[in-house]
Amino acid sequence: MKVHVLDLNFFASESIASFLIETTDGPILIETGPDTTYRNITASLKAFGYAPKDVRGVFVSHIHLDHAGAAWHFADEGATIYVHANGARHMADPSKLFASAKQIYKDDMDRLWGQLKPIPQDRIHPTGDGERITIGGVTVQAVATPGHASHHNVYLVDGMMFTGDVGGIRIKDGPIFAPTPPPDINVEVWQESLRKMRALRPDALYLTHFGVFNDAGDHLRLLEDMLLQWTSWIGDRLKQGRPDEAIVKEFEDYFKGIIEKTTRDKGLFERYELADPAYMNAPGLIRYWRKFRSA
Ligand SMILES: [Zn+2]
């Protein structure tokens, strides 16, 4: 079995990945990236000798557009789309998903994410927690891991764990961030998912943002630390009665400051912003505090 990291070149390199696994029955993909990089993913497939119609199965970690926005293309070409049961109906009817993304991205929707089309019900396979799916001799285990989103899975293939967003963002020698956009963030549920992931003792983590890391234990610990650090940073300011807009603005400097302290690579800030915009993280955590901790 061979696994290839496909860099989807989303405005900058190494911000969004898809993973190609070759099986005896054709390739499978984990993550598709958005519609706007569909041309790039097809070019990458071609470099390995495949056309989109060869793709047998597509596993998406969750339904956010940077992870699953191009899944409908592969369904059109005949692939089965594997997705957490809570996300399945939004793949069949993406109108709500599209509307909620449109609220955030407004006129930038087309440029960033492109189109979303409904996927026929019979091309969607809603996964159960722990379910194992075997394609061409390769077994993929779906592990329900909410916290970032209620419809989030990680996938385990032979000790390799494909972590979507719940496993954090880490680019080169930059920091490990927990992406916390609205509307679904639940810190305690996320921590529970991290415990579940640790208990599976992965040999390596395959991060959609970005790439392969072999220090799974340390990575997951540092990710949890950062998640808790951000959570209390937001909570402290809410308790001081700071207005939301001020917190969001201040968070951008805090976010940038952590990156600058961790790496000397000046180019990384832009890639972190593409993978996990600072202005999205604070509102997600503010919402979490109001909903669950009554700040
Ligand atoms: Zn993401």
Side-chain angles (χ1 to χ4, degrees), residues 5-19 29-38 40-41 58-71 81 83-84 86-87 90-91 94 97-98 100-101 104-105 108-109 111-114 116 144-155 161-172 174-186 189-190 193-194 197 205-213 219-220 223 226-227 230 255 259 268-285 288:
V5 180
L6 311 182
D7 179 358
L8 300 184
N9 253 304
F10 179 69
F11 299 98
S13 62
E14 302 201 347
S15 56
I16 303 178
S18 167
F19 304 98
L29 287 173
I30 298 182
E31 311 282 53
T32 66
D35 174 43
T36 43
T37 56
Y38 180 66
N40 301 350
I41 197 172
V58 170
F59 296 77
V60 297
S61 63
H62 61 306
I63 64 173
H64 291 165
L65 302 183
D66 54 329
H67 297 256
I81 312 300
V83 59
H84 188 294
N86 291 349
H90 299 292
M91 302 292 277
L97 176 63
F98 190 84
S100 82
I104 297 170
Y105 298 104
D108 229 7
M109 194 66 192
R111 185 184 70 93
L112 289 171
W113 311 120
L116 268 185
T145 41
H148 168 83
S150 60
H151 44 81
H152 198 294
N153 279 334
V154 300
Y155 296 103
M161 185 179 271
F162 297 85
T163 56
D165 274 345
V166 79
I169 285 167
R170 178 178 177 187
I171 304 172
K172 298 203 160 167
I176 301 167
F177 280 173
T180 59
D184 245 9
I185 300 305
N186 185 321
V189 168
W190 194 324
S193 290
L194 293 175
M197 289 158 72
L205 303 178
Y206 286 65
L207 272 58
T208 310
H209 316 285
F210 190 82
V212 188
F213 295 94
H219 174 100
L220 294 173
L223 170 62
M226 190 64 83
L227 174 63
W230 283 12
F255 178 98
I259 297 171
L268 287 193
F269 174 67
E270 187 200 354
R271 293 186 205 171
Y272 273 84
E273 273 283 298
L274 283 167
D276 177 29
Y279 73 88
M280 299 276 287
N281 289 294
L285 285 169
Y288 156 79

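Every heavy atom of this structure was used, including side-chain atoms; hydrogens, water molecules and symmetry mates were not. Please read these numbers as outputs of a predicted model, since none were measured by experiment. Position 1 is the first residue of the sequence, and the numbers go up from there. Read the numbers this way: they start at 1 and go in the same order the structure lists the ligands and their atoms.
- Taking the six-membered ring for Trp and the full ring otherwise, the centers of F162 and F19 sit less than 6.0 Å from each other.
- Residue side and main chain included, H67 places an N/O/S atom under 2.8 Å of the Zn ion (ligand 1).
- Aromatic rings of F177 and W230 (six-membered ring for Trp) have centroids within the 6.0 Å cut-off, being under it.
- Within the coordination shell of the Zn ion (ligand 1), defined by N, O or S atoms under 2.8 Å, D276 is absent.
- Separation of the H209 and H67 ring centroids falls under the 6.0 Å cut-off.
- Distances from the Zn ion (ligand 1) to each N, O or S atom of D66 single out OD2 as the nearest.
- Not less than 6.0 angstrom separates the ring centroid of H151 from the ring centroid of H84.
- At the Zn ion (ligand 1), the angle from OD2 in D165 to NE2 in H209 is 130° when rounded to 10°.
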